[in-house]
Amino acid sequence: MVLEFNCRFGDPETQPILMRLESDLLEALEASIEGRVSEGDFRWSRTLPCASSFLPGDIPASTS
């Protein structure tokens, strides 16, 4: 099974994911580029981070 989660470093969704990564991020990125992710020893925290985003008062929350 493959699970893909698409997020960019600027997205609010990325922060709680990266907060849980206890391994070296650069090593994870290099392993991904080189196709050796399955060989990596990546450690994740068991804590559950929480992130929230707020919109300024003058920006509508939706366009509909």
Side-chain angles (χ1 to χ4, degrees):
M1 178 165 101
V2 174
L3 173 64
E4 177 183 345
F5 187 85
N6 186 11
C7 59
R8 298 174 300 233
F9 284 109
D11 288 346
E13 296 87 356
T14 306
Q15 186 176 5
I17 295 170
L18 290 180
M19 288 172 51
R20 294 189 59 219
L21 182 63
E22 293 180 343
S23 302
D24 182 25
L25 176 61
L26 182 58
E27 171 60 27
L29 294 174
E30 288 176 345
S32 177
I33 291 168
E34 297 169 0
R36 54 180 181 82
V37 173
S38 61
E39 300 170 9
D41 180 26
F42 306 112
R43 295 173 311 281
W44 295 91
S45 169
R46 292 185 177 259
T47 60
L48 299 174
C50 179
S52 60
S53 299
F54 297 96
L55 293 173
D58 58 346
I59 298 177
S62 74
T63 57
S64 58

(request) May I ask you to say whether E22 pairs ionically with R46, meaning some side-chain N is under 4.0 Å from a carboxylate O? (result) no

(message) With a 4.5 Å cut-off on side-chain heavy-atom distances among I, L, V, M, F, W and Y, is there a chain of contacts connecting V37 to I33?
(response) no

(request) Following the transitive rule for hydrophobic clusters with a side-chain heavy-atom cut-off under 4.5 Å over Ile, Leu, Val, Met, Phe, Trp and Tyr, establish whether L26 and F42 coincide in one cluster. (result) no

(message) To the nearest 0.5 Å, what is the distance between CG on D41 and CG on D24?
(response) 12.0 Å

(message) Return the CG to CD distance between L25 and E27, rounded to the nearest 0.5 Å.
(response) 10.5 Å

(message) For R20 versus T47, what's the shortest heavy-atom pair and its separation?
(response) NE-O, 3.4 Å

